[in-house]
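Shown next, in structure tokens, is the structure this report addresses.
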Amino acid sequence: MIGILSFLGFTVLVAIIAYFATRTTDEKSSDGYFLGGRSLTAGVIAGSLLLTNLSTEQIVGLNGSAYKDGLSVMAWETLAAMAMVVTAIFLLPRYLKGGLTTIPQFLAKRFDIATKTITSGLFLTGYVIVLLPVILYSGSVAISGMFDVPELLNVSDGTALVICIWGIGIIGSIYAVFGGLKAVAVSDSINAIGLIVGGLLIPLFGLIAIGDGNAIDGLKVLVDANPERFDSTGEPGQEVPFSTIFTGMMLVQLFYWGTNQQIIQRALGAKNLAEGQKGLLLASFLKILGPIILVLPGMIAYYYFEGGLESSDLAYPELVRAVLPKPLVGFFAAVLFGAILSSFNSVLNSSVTLFGIDIYKQHINKEASEATVVKYGKIFGICLALAAMFIAPLIADAGSLFNYLQEINGIYSIPIFTIIVVGYLTKRVPAIAAKIGIFSGSILYIISQFWLGPKLVGEALESAKAAGISDAAELRLVEAEAYPHYLHVMAILFVSNIIIMLIIGKFYPRKEPFELEYTKQVSIEPYKYVKHVGLAICVIVVGIYIYFAK
């Protein structure tokens with residue numbers, strides 16, 4: 001009961017603070033609603049970015065991956081820091097110079113309106129079919145597990161999951177649809193502090209539990225029991241083989257932190273370039289500490305439960321319930337609930353922005369006032385949230401949650417990232433090349449991952465079993481050797497699409513070279529130490545990899 005009361009109390013407090021913080025924002029103005037009035041400071045941006053990423057698809061999913069494979073999955077966190085540095089130095093100055101509200105707006109300027117619309121459609125499709133349902137599902141697994149909702153309400157596990165999905169979805173929709181970006185960003189910043197504190201407590205109490213009251217002894221026990229799991233270089237057959245770090249991994253990171261509307265919208269709302277860059281750099285430094293919250297608990301859970309959990313995605317919520325003192329469970333569940341809402345809100349608010357500005361205003365009602373654009377954006381957001389709530393329960397049988405999310409995202413992430421890179425680095429590649437790049441990238445990836453790959457892997461596994469191979473580790477290796485890892489496939493398609501676009505640009509160039517105009521909406525004077533700090537962060541990341549490499 002104490003846990004539930006503390007959960008409710010902290011959640012309501014954050015909602016009240018976010019409400020009063022947004023009363024200065026004019027939500028009838030599209031700039032005020034979608035970008036928080038372009039007034040976000042470095043601290044708010046960093047906290048918002050951090051919590052947007054630290055949601056349950058990361059906390060539950062990545063700890064589940066660590067439960068299976070150990071430290072090698074930290075690449076999803078540590079390499080994110082380097083991607084954010086690239087975004088701060090290279091991409092953000094160009095975004096703010098062009099006065100962008102959405103990433104597809106740049107594509108309209110660089111290529112044409114049709115390219116922008118196709119890209120917005122891809123983002124929205126990915127959000128409603130993949131990202132929003134995964135956030136709802138993983139959040140529901142965590143909340144249901146911590147509070148033991150099936151026993152609390154005397155319902156089945158499936159029913160408890162659906163109840164949590166709809167509860168999170170409805171509350172998150174109210175935040176995102178009616179509060180705008182500033183409400184999301186303010187509540188994110190408050191929750192980020194609690195999440196860092198609470199997130200650090202889980203591995204601390206976990207180590208104390210396995211070390212008979214001493215966290216240092218617990219860490220030694222953990223390392224001595226399975227030293228091979230503390231290797232930063234993943235092996236073939238694991239979720240993140242070391243070679244993928246140099247191919248598709250960095251492409252995924254650059255897309256997520258540099259071009260994904262859900263994330264970059266925070267930085268687009270910066271009061272000026274310097275604040276945006278400082279916010280990104282601060283968030284990137286904090287990401288280096290991410291494995292302590294997002295990887296170590298999964299490794300502790302593997303030892304604590306002796307690798308015997310029914311599903312790897314249960315590792316985090318079960319560890320929380322097992323080692324965290326009961327009075328703190330409610331507080332941490334409230335913080336985690338805030339993280340769930342953060343990601344859900346972020347994606348939903350980004351979807352509302354994309355629809356309102358790039359689709360409704362552009363194609364449905366070109367004469368619409370800003371208040372009308374916001375109104376119909378909210379209606380679309382509600383419909384999107386409802387669709388995600390219906391889809392979320394279907395993810396239960398998807399396997400490794402985090403791996404599933406990253407693999408499915410490849411359908412739209414790499415094609416979009418490809419045309420953005422070509423758009424910024426060239427001046428003559430025409431709009432038709434971008435359209436071909438989007439469709440060829442998506443279609444070839446779908447064929448690769450959902451037809452050709454499964455076919456070849458299935459045949460290899462059948463041959464292996466026929467030859468008497470039954471060990472799970474050996475079968476994983478057979479599967480890995482049968483077809484390239486999906487991150488390698490992403491890199492191959494990225495390079496192929498760029499070559500295709502450059503060839504088209506060579507023979508059918510634009511009549512006039514593209515020039516990015518400065519709209520003067522915000523100051524684009526950079527933070528004077530951006531390169532120095534960025535280099536230091538990259539050196540730290542490389543040092544961590546070298547230290548833990550076996």
Side-chain angles (χ1 to χ4, degrees), residues 56-80 134 138 141 202-203 206-207 210 219 222-250 252-253 287 290-319 398-410 453 457 461 471-490 541 544-550:
T56 45
E57 79 275 12
Q58 301 283 334
I59 296 174
V60 173
L62 195 52
N63 274 302
S65 296
Y67 177 88
K68 289 173 57 181
D69 290 342
L71 191 64
S72 62
V73 300
M74 76 174 186
W76 291 112
E77 284 299 294
T78 50
L79 294 186
V134 166
S138 59
V141 168
I202 304 307
L207 291 173
I210 63 177
L219 183 60
L222 190 66
V223 174
D224 291 345
N226 301 105
E228 73 284 354
R229 290 173 59 82
F230 280 83
D231 184 5
S232 60
T233 58
E235 300 292 333
Q238 294 187 331
E239 288 189 13
V240 187
F242 186 61
S243 59
T244 61
I245 291 174
F246 306 99
T247 57
M249 172 64 77
M250 275 309 298
V252 171
Q253 297 283 13
K287 290 302 288 180
I292 298 174
I293 297 174
L294 296 171
V295 176
L296 184 56
M299 299 173 69
I300 294 172
Y302 180 83
Y303 177 87
Y304 189 90
F305 298 110
E306 300 179 348
L309 291 177
E310 183 179 342
S311 167
S312 61
D313 291 328
L314 294 174
Y316 194 79
E318 289 297 327
L319 183 69
S400 173
L401 186 64
F402 194 78
N403 210 47
Y404 164 80
L405 174 63
Q406 301 303 332
E407 184 172 8
I408 297 294
N409 277 345
V457 168
L461 289 175
D471 181 70
E474 290 184 26
L475 288 175
R476 285 182 73 179
L477 191 58
V478 168
E479 184 176 347
E481 293 174 348
Y483 196 75
H485 193 281
Y486 72 89
L487 289 171
H488 289 321
V489 173
M490 288 180 178
V541 170
I544 290 172
Y545 259 91
I546 293 173
Y547 180 80
F548 284 104
K550 302 297 182 184

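Heads up: numbering here begins at 1 and tracks the sequence.
Within 6.0 Å of atom CD in Glu228, more than 12 heavy atoms from other residues, nucleotides or ligands are found, so the atom counts as buried in its surroundings.
When all heavy atoms of Leu296 and Pro203 are compared, the closest pair comes out as CD2-CB, 3.8 Å. In terms of heavy-atom proximity, Pro241 sits nearest to Thr244 at O-OG1, 2.6 Å. Nearest approach of Ile202 to Tyr316, heavy atoms of both residues: CG1-OH, 3.4 Å. Of all heavy-atom pairs between Met249 and Leu487, the closest is N-CD2, 4.0 Å. Considering every non-hydrogen atom in both Ser72 and Thr233, the closest pair reads CB-C, 4.2 Å. Scanning both residues, Pro291 and Glu77, for their nearest heavy atoms gives CD-CB, 4.0 Å.
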Full working for side-chain contact (heavy atoms from CB on, under 4.5 Å) between Glu318 and Tyr304: CA-CA 10 Å; Glu318 289 297 327; Tyr304 189 90; over 6 Å; no

Yes or no on side-chain contact (heavy atoms from CB on, under 4.5 Å) for Thr247 and Met490, after CA distance, side-chain angles and deciding distance? CA-CA 8 Å; Thr247 57; Met490 288 180 178; over 6 Å; no

Step by step, would you call Leu207 with Leu222 a side-chain contact (heavy atoms from CB on, under 4.5 Å)? CA-CA 8 Å; Leu207 291 173; Leu222 190 66; 4.2 Å; yes

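Taking the six-membered ring where tryptophan is involved, the planes of Tyr302 and Tyr67 are perpendicular, since the angle between them exceeds 60° and thus also 30°.
Pro236 is not listed as a side-chain neighbour of Glu481, based on a closest heavy-atom distance of 4.5 Å or more. Side chains of Val252 and Trp76 form a contact here, defined as non-hydrogen atoms less than 4.5 Å apart. By the 4.5 Å heavy-atom criterion applied to side chains, Ile544 and Met74 are counted as neighbours. A heavy-atom distance below 4.5 Å is not found between the side chains of Arg229 and Tyr303.
To the nearest 0.5 Å, atoms CG (Asn63) and CE (Met299) are separated by 10.5 Å. One distance of note links CD of Gln238 with CZ of Arg476; it measures 6.5 Å at 0.5 Å rounding. Interatomic distance, Gln253 CD to Thr78 OG1, rounded to the nearest 0.5 Å: 8.0 Å. Rounding to the nearest 0.5 Å gives a distance of 8.5 Å between CD1 of Ile245 and OG of Ser243. Once rounded to the nearest 0.5 Å, the distance linking CD of Glu239 with CD of Glu407 reads 10.5 Å. The structure places CG of Leu62 at 12.0 Å from OG of Ser138, a figure rounded to the nearest 0.5 Å.
When Ile59, Ile292, Leu319 are each tested for a side chain to side chain contact (heavy atoms under 4.5 Å, CB included) with Pro297, only one passes: Leu319.
The main-chain N or O of Ala549 is found under 3.5 Å from a side-chain atom of Ser232 such that the two form a donor-acceptor pair.
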